[in-house]
Asker: 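Here it is, the structure, as structure tokens.
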Amino acid sequence: MSANISRVIALAPLPVGLDTSPMEARLVSELRREPGWQFEPNWEGFRCLAFRANDEVELGNKSGTSLTRDFPEMVSMLRA
């Protein structure tokens with residue numbers, strides 16, 4: 001866990017544990033057909049979680065590295 005994420009957590013308790021990992025795609029032989037399932041293509045890119053406490057926002061990847069400075073537009077939207 002990065003120091004920035006720890007700082008955000010110190011401001012307010014979060015309903016999601018810091019050990020929560022972003023979802024990852026899984027290869028299957030066929031799609032489920034039951035009602036309620038939705039699918040989207042797996043585009044290569046970043047997987048991250050957003051942590052927010054009041055006006056403080058921190059983006060972190062699954063290894064705990066901060067992605068906040070890399071995506072200022074996301075941080076701005078999450079603060080709004």
Side-chain angles (χ1 to χ4, degrees):
M1 172 181 8
S2 77
N4 290 334
I5 292 173
S6 296
R7 178 181 51 79
V8 170
I9 298 318
L11 295 174
L14 296 176
V16 174
L18 292 177
D19 57 349
T20 302
S21 297
M23 286 194 291
E24 294 193 43
R26 183 175 60 180
L27 182 63
V28 295
S29 58
E30 64 180 62
L31 299 178
R32 299 197 59 160
R33 302 200 187 281
E34 294 91 14
W37 284 89
Q38 295 181 353
F39 299 94
E40 61 184 50
N42 179 25
W43 303 107
E44 292 303 319
F46 293 92
R47 290 182 176 93
C48 78
L49 293 174
F51 299 94
R52 178 180 170 199
N54 303 318
D55 288 341
E56 295 291 323
V57 173
E58 180 67 24
L59 304 177
N61 68 12
K62 67 181 184 177
S63 68
T65 303
S66 177
L67 298 173
T68 304
R69 71 179 189 158
D70 300 314
F71 299 98
E73 68 283 359
M74 294 298 298
V75 172
S76 295
M77 287 189 298
L78 290 167
R79 282 189 180 131

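Residue numbers count from 1 along this sequence.
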Asker: Sequence neighbours left out, what passes side-chain contact (heavy atoms from CB on, under 4.5 Å) with Met77? Give chain and number order.
Answerer: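 Only Met74 meet the side-chain contact (heavy atoms from CB on, under 4.5 Å) criterion with Met77.
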
Asker: Can you tell me if Arg69 uses its side chain to pair, donor with acceptor, with the backbone of Phe71 under 3.5 Å?
Answerer: no

Asker: Test of understanding: with side chain to side chain donor-acceptor pair (under 3.5 Å), list the residues that count as partners of Glu34, not counting sequence neighbours.
Answerer: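 Listed in chain order: Arg32.
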
Asker: Quick one: closest heavy-atom pair of Leu67 and Cys48, and the distance?
Answerer: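 Taking Leu67 first and Cys48 second, the nearest heavy atoms are CD1-CB, 3.5 Å.
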
Asker: Roughly how far, to the nearest 0.5 Å, is the CZ atom of Arg52 from the CD atom of Glu58?
Answerer: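 If we round to the nearest 0.5 Å, Glu58:CD and Arg52:CZ are 14.0 Å apart.
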
Asker: Side chains of Thr68 and Val57: closer than 4.5 Å at any heavy-atom pair?
Answerer: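 With C-beta onward as the side chain, the pair stays apart.
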
